[in-house]
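As structure tokens, the structure follows; a few thoughts come after it.
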2 protein chains.
Amino acid sequence: MQVRSKIWVEVGGEPVFGRGRRFLLEAIDKHGSITRAAREINISYRRAWSYINAMEERLGIGLVERHTGGKNGGGAVLTDEARRFLEKYALLEEGVRELVDEKFKNIFTGERDV
Amino acid sequence: MQVRSKIWVEVGGEPVFGRGRRFLLEAIDKHGSITRAAREINISYRRAWSYINAMEERLGIGLVERHTGGKNGGGAVLTDEARRFLEKYALLEEGVRELVDEKFKNIFTGERDV
DNA sequence: CACCCGTTATGACTTTTTTGCATAACGCCG
DNA sequence: CGGCGTTATGCAAAAAAGTCATAACGGGTG
């Protein structure tokens, strides 16, 4: 038995940013490509593309600058706004998971089962 | 733009307890009936029933004692184990959401947009 | 004792969401 | 001017969630 926790941001009731999307953006930053980013975090390109589109549409800002064709076939880079958003989200997550894990241990430990 | 957070317990990678299930059990306790509980929290009886079954199977303990037929057509009551679990889960959630909301306000407030 | 009632319990079907596959378009480069 | 590795989408397949219908149950009631 283990505890899990999750923090995400919504706009108009629709999710726009969470841990998965954070990893996606970070991987794009690392690889300069949506395709390779998706491969790294084990989701389909389709899904990654949908995530990015939805995020941008709902936030109303550009997060990923894309280039089709050209050197290396193209690629994608994060905008400054995406980087700022990543920073803020990191701050938001900071410490929360650790707190929850700690609480879980204190409350649920010391039993045979359950 | 608003923040949301969620804490849940898993067994073997499968969720067994979260806020929705907590509300369900509390509603069953209140009404003495799965049907009425489901109606109150706005999910189908089918779904409520599936939740209960999955929880019990994965936790390996009985949570809801069910009676078919009889007075009032039957009904359902929580077991002591279910009550204990509810208490622990409440402790686990306590304060976390408030913390996240507070952090969110501090980090994301004071902007035109985004 | 036969029927009524509201509940639990399920199977079957429908709708929605998610996932995956195939393919077009792009533009530098050798 | 064809090759390459991307981005970009439409469409089909699969999975999940939701809906509906109905059986079984057993105390209460007349």
Side-chain angles (χ1 to χ4, degrees), chain A residues 6 8 10-21 23-58 61-79 82, chain B residues 4 6 8 10 12-21 23-58 61-79 82:
Chain A
K6 190 175 179 178
W8 71 102
E10 291 189 351
V11 168
E14 295 293 311
V16 297
F17 209 90
R19 197 177 299 136
R21 283 150 188 171
F23 288 159
L24 173 61
L25 291 193
E26 287 175 346
I28 289 173
D29 198 25
K30 176 178 166 192
H31 289 112
S33 149
I34 298 176
T35 299
R36 306 230 302 263
R39 201 174 302 150
E40 170 170 310
I41 66 175
N42 251 52
I43 63 174
S44 66
Y45 172 84
R46 196 73 172 77
R47 187 166 183 67
W49 183 85
S50 303
Y51 274 171
I52 297 170
N53 271 39
M55 276 191 280
E56 292 188 331
E57 184 179 339
R58 287 171 195 161
I61 60 177
L63 297 174
V64 180
E65 222 172 86
R66 291 109 124 173
H67 305 282
T68 303
K71 195 173 179 179
N72 296 326
V77 296
L78 297 191
T79 64
Chain B
R4 309 233 314 125
K6 191 175 179 179
W8 72 100
E10 292 188 350
E14 295 294 312
V16 297
F17 209 90
R19 196 176 299 136
R21 286 154 165 111
F23 288 158
L24 174 61
L25 291 192
E26 287 174 347
I28 290 174
D29 198 25
K30 176 177 164 193
H31 289 112
S33 149
I34 297 176
T35 298
R36 307 228 305 261
R39 201 174 302 151
E40 170 170 310
I41 65 174
N42 250 53
I43 63 175
S44 66
Y45 172 84
R46 200 74 171 74
R47 188 168 182 66
W49 183 86
S50 302
Y51 275 173
I52 297 169
N53 271 40
M55 277 191 279
E56 291 188 330
E57 185 180 338
R58 287 171 194 160
I61 60 178
L63 297 175
V64 180
E65 222 170 88
R66 291 109 126 173
H67 304 282
T68 302
K71 195 173 180 179
N72 296 325
V77 295
L78 298 190
T79 65

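In the text below, chain A, chain B and the rest are named by the order of the sequence lines, each starting its count at 1. Since we're looking at a predicted model, the values are computed, not measured.
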Could you check whether any side-chain N or O of [X] sits under 3.5 Å from a backbone N or O of [Y], counting only pairs where one atom can act as donor and the other as acceptor?
X: A:Thr79; Y: A:Val64; answer: no
X: B:Glu14; Y: B:Arg58; answer: no
X: B:Glu56; Y: B:Leu63; answer: yes
X: B:Ser33; Y: B:Gly75; answer: no

Heavy-atom contacts under 4.0 Å between residues 28-37 of chain A and DNA chain C, which residues?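 Within residues 28-37 of chain A, no residue comes under 4.0 Å of DNA chain C.
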Would you kindly compare A:Gly73 and A:Arg46 by the position of their nearest DNA chain C nucleotide and give the one closer to the 5′ end?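 That would be A:Arg46.
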Whole-Å distance separating the [atom1] atom of [X] from the [atom2] atom of [N]:
X: B:Trp49; N: C:dA12; atom1: CH2; atom2: P; answer: 13 Å
X: A:Asn42; N: C:dG20; atom1: CG; atom2: P; answer: 10 Å
X: A:Tyr51; N: C:dT17; atom1: OH; atom2: C1'; answer: 12 Å
X: B:Tyr45; N: D:dA17; atom1: OH; atom2: P; answer: 19 Å
X: A:His67; N: D:dA8; atom1: NE2; atom2: C1'; answer: 15 Å
X: B:Glu65; N: C:dT8; atom1: CD; atom2: P; answer: 13 Å

Pick one: which of A:Asn42, A:Ile28, A:Ile41, A:Ile43 meets side chain to side chain contact (heavy atoms under 4.5 Å, CB included) with A:Phe23?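 That would be A:Ile41; it is the only one of A:Asn42, A:Ile28, A:Ile41, A:Ile43 passing the side chain to side chain contact (heavy atoms under 4.5 Å, CB included) with A:Phe23.
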Pairs under 3.5 Å (N/O, protein and nucleotides 12-16 of chain D):
none

CA sep, side-chain torsions, deciding dist, call: A:Val77, A:Asp29, side-chain contact (heavy atoms from CB on, under 4.5 Å): CA-CA 6 Å; A:Val77 296; A:Asp29 198 25; over 6 Å; no
A:Gly18 to A:Trp8 - nearest heavy-atom pair and separation: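 Shortest heavy-atom contact: CA-CB, 3.9 Å.
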Could you report the tightest heavy-atom contact between A:Pro15 and A:Arg21, atom names first, then the distance?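 That would be O-NH1, 3.3 Å.
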Would you say A:Arg66 reaches D:dA8's phosphate, i.e. side-chain N/O to OP1/OP2 under 4.0 Å?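 The answer is yes; a side-chain N or O of A:Arg66 sits under 4.0 Å from OP1 or OP2.
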Criterion side-chain contact (heavy atoms from CB on, under 4.5 Å) on B:Glu10 and B:Val16, from CA distance to verdict: CA-CA 5 Å; B:Glu10 292 188 350; B:Val16 297; 5.8 Å; no
Would you indicate whether the side-chain heavy atoms of A:Lys30 and A:Arg36 approach each other to under 4.5 Å?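 Counting from C-beta outward, A:Arg36 and A:Lys30 never come under 4.5 Å.
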Between B:Leu25 and B:Met55, is a side-chain contact (heavy atoms from CB on, under 4.5 Å) present by the stated rule, with each step listed? CA-CA 11 Å; B:Leu25 291 192; B:Met55 277 191 279; 4.2 Å; yes
What's the closest nucleotide to the B:Arg47 side chain, out of C:dT19, C:dT10, D:dA17?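 Selected nucleotide: D:dA17.
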Tabulate atom names and distances for all N/O pairs under 3.5 angstrom spanning the protein and nucleotides 27-29 of chain D.
unit_1, atom_1, unit_2, atom_2, d
D:dG27, O4', B:Lys71, N, 3.3

